[in-house]
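To start, the structure itself, in C-alpha cells.
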Amino acid sequence: MGFYSLFAIIVILGFVIFVVLQQMGPTKNKSTIDSSIGLLDERLGGKRPAYKPQEQLFEEFKESCTDSVYLSRMAEDILRHCGMEPNHLQVHAEENLNIEEAAGLYSHGNGWSMITIKVSKYARYNVILAVLIHECMHYFLGHSGIGFPETQENEILTDTTTVYMGFYEYMYHGSVMVGYLRDSEFRYVKHILEKK
C-alpha cells in the first residue's frame, strides 16, 4: 500500500469519525447544558422568540461584517432583542490569523465593556455573526448577574444562552470551529427548549 493510499484512508476515516461525533448529540457537555437551561429558566423565566435582525442593517452587515461600525450596530440590535440597552459598550474588529486563539473576546472594567472580534480578510459574515452573538451573550449574562464559577461551564452557559435567547439559526449555521458547543449540542438545546 502506497503513501497516498494510506493518506486517503486516514482522511476518509477522520471524516467518518467527525460525522459520527456530530450526530451523537451531547456527551461530556450534557450535564452543563442541562444546568445552564435550569439556571436560565430560574433567572429569566422562559426562552425568548427567534431573533429577526433589522433587515437593512443585516444586509449592510453582510457586506461589511468586519467593519466596527456595523459590528457595533449589530451588537446593539442583538442586545435590544434580549431586552437590554447596551451602555458603555465598544465593539471592534482586530485582524488576527492565529486560529489557535479565541475568535472573540469580551472584557470589562472601569465602567466599560469591550467586545473584540478577531477576523481575517476572508471572514464570512455568518461566522462573524455567531462570534458576535456569543460575545454579546457574555455582556448580557454579566450585566444580568448570571453565571457559573468555572470558565468552561460559563462558556457552555454562554452558547446555551444564545439558543435560549432566540439565536439558534445564526449559531447553528455560523459557529463551526469557533463555538464551545457542537452542532448536535446546539440541536439538543433547541430540542429541550421546544419541549417546554
Side-chain angles (χ1 to χ4, degrees), residues 17-53 74-75 77-87 89 91 99-109 113-118 126-196:
I17 291 170
F18 173 78
V19 170
V20 168
L21 287 174
Q22 290 297 311
Q23 298 303 315
M24 283 176 50
T27 52
K28 67 178 183 171
N29 293 323
K30 183 181 182 306
S31 174
T32 306
I33 291 169
D34 291 342
S35 296
S36 296
I37 292 171
L39 178 61
L40 293 168
D41 279 342
E42 177 186 314
R43 296 295 303 276
L44 301 175
K47 68 178 182 164
R48 301 304 192 263
Y51 170 65
K52 296 195 183 334
M74 283 302 297
D77 196 53
I78 289 163
L79 290 165
R80 285 187 184 118
H81 171 79
C82 297
M84 182 171 281
E85 192 64 38
N87 292 314
L89 173 64
V91 183
I99 61 172
E100 294 181 13
E101 291 184 15
L105 178 67
Y106 170 74
S107 59
H108 57 91
S113 296
M114 172 72 75
I115 291 175
T116 303
I117 306 297
K118 312 247 179 106
N126 61 318
V127 175
I128 297 291
L129 182 57
V131 173
L132 181 62
I133 291 168
H134 176 90
E135 300 308 327
C136 284
M137 292 307 101
H138 276 300
Y139 178 95
F140 173 78
L141 291 167
H143 282 76
S144 300
I146 301 171
F148 290 128
E150 298 292 326
T151 300
Q152 183 64 21
E153 289 179 333
N154 239 14
E155 294 296 350
I156 301 301
L157 169 64
T158 303
D159 267 355
T160 302
T161 304
T162 66
V163 180
Y164 196 92
M165 298 305 290
F167 300 99
Y168 170 79
E169 290 298 325
Y170 300 98
M171 294 304 292
Y172 185 77
H173 295 293
S175 68
V176 177
M177 305 295 286
V178 298
Y180 289 86
L181 297 183
R182 297 190 325 248
D183 292 356
S184 57
E185 292 172 323
F186 277 113
R187 287 194 307 268
Y188 172 76
V189 175
K190 182 179 185 238
H191 174 73
I192 294 299
L193 294 175
E194 285 174 343
K195 294 192 321 188
K196 291 182 174 281

Donor-acceptor pairs are to be reported for all side-chain atoms of residues 149-156 against protein atoms at under 3.5 Å, with residues two or more places apart or in another chain.
residue	atom	partner	partner atom	Å
N154	OD1	F148	N	2.8
E155	OE1	H134	NE2	2.9
E155	OE1	H138	NE2	3.1

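Taking the side-chain hydrogen bond (donor to acceptor under 3.5 Å, both in side chains) definition, one finds that R43 meets it with nothing, sequence neighbours left out. Residues satisfying the side-chain hydrogen bond (donor to acceptor under 3.5 Å, both in side chains) test with E42, not counting sequence neighbours, are none. Legend: residues meeting side-chain hydrogen bond (donor to acceptor under 3.5 Å, both in side chains) with Y51, ordered by chain and number and at least two apart, are D77. Remark: Y139 engages no residue in a side-chain hydrogen bond (donor to acceptor under 3.5 Å, both in side chains) (not counting sequence neighbours).
Remark: the backbone N or O of H191 is not paired with any side-chain donor or acceptor of E194 at under 3.5 angstrom. The backbone N or O of P49 sits less than 3.5 Å from a side-chain atom of H81, completing a donor-acceptor pair.
H108 is not listed as a side-chain neighbour of M114, based on a closest heavy-atom distance of 4.5 Å or more. A heavy-atom distance below 4.5 Å is found between the side chains of M165 and L44. Contact annotation: the side chain of T161 never approaches that of V189 to less than 4.5 Å [non-hydrogen atoms, C-beta and beyond]. Taking 4.5 Å as the limit, some side-chain heavy atom of F186 sits within range of a side-chain heavy atom of D159. M74 places none of its side-chain heavy atoms less than 4.5 Å from the side chain of C136. A heavy-atom distance below 4.5 Å is found between the side chains of L79 and L89. Looking only at side-chain heavy atoms (C-beta outward), L129 and F167 stay at 4.5 Å or farther from each other. Put simply, the side chain of H143 does not reach to within 4.5 Å of the side chain of P86, judged on heavy atoms.
The heavy-atom pair separating Y106 from I115 by the smallest distance is CD1-CG1, 3.9 Å. Nearest heavy-atom pair across C82 and M137 is SG-CE, 3.5 Å. Nearest heavy-atom pair across M84 and S144 is CE-OG, 3.7 Å.
If you run side-chain contact (heavy atoms from CB on, under 4.5 Å) between L193 and each of I37, L40, T160, only I37 comes through.
In this structure, NE2 in H173 is found 9.5 Å from CG in D183, a value given to the nearest 0.5 Å. Rounding to the nearest 0.5 Å places CD1 of I133 at 4.5 Å from CD1 of I78. One finds the OG1 atom of T162 at 10.5 Å from the OH atom of Y168 (value rounded to the nearest 0.5 Å). Here CG of L157 is found 6.0 Å from CG of L39. Values are rounded to the nearest 0.5 Å.
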- [ ] I would like to know whether V91 and L132 meet side-chain contact (heavy atoms from CB on, under 4.5 Å); could you show each step before the answer?
- [x] CA-CA 9 Å; V91 183; L132 181 62; 4.1 Å; yes
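Sorted by first and then second residue, the side chain to side chain donor-acceptor pair (under 3.5 Å) pairs involving residues 32-41 (not counting sequence neighbours) are K30-D34, D34-Y188, D41-Y164, D41-K196.
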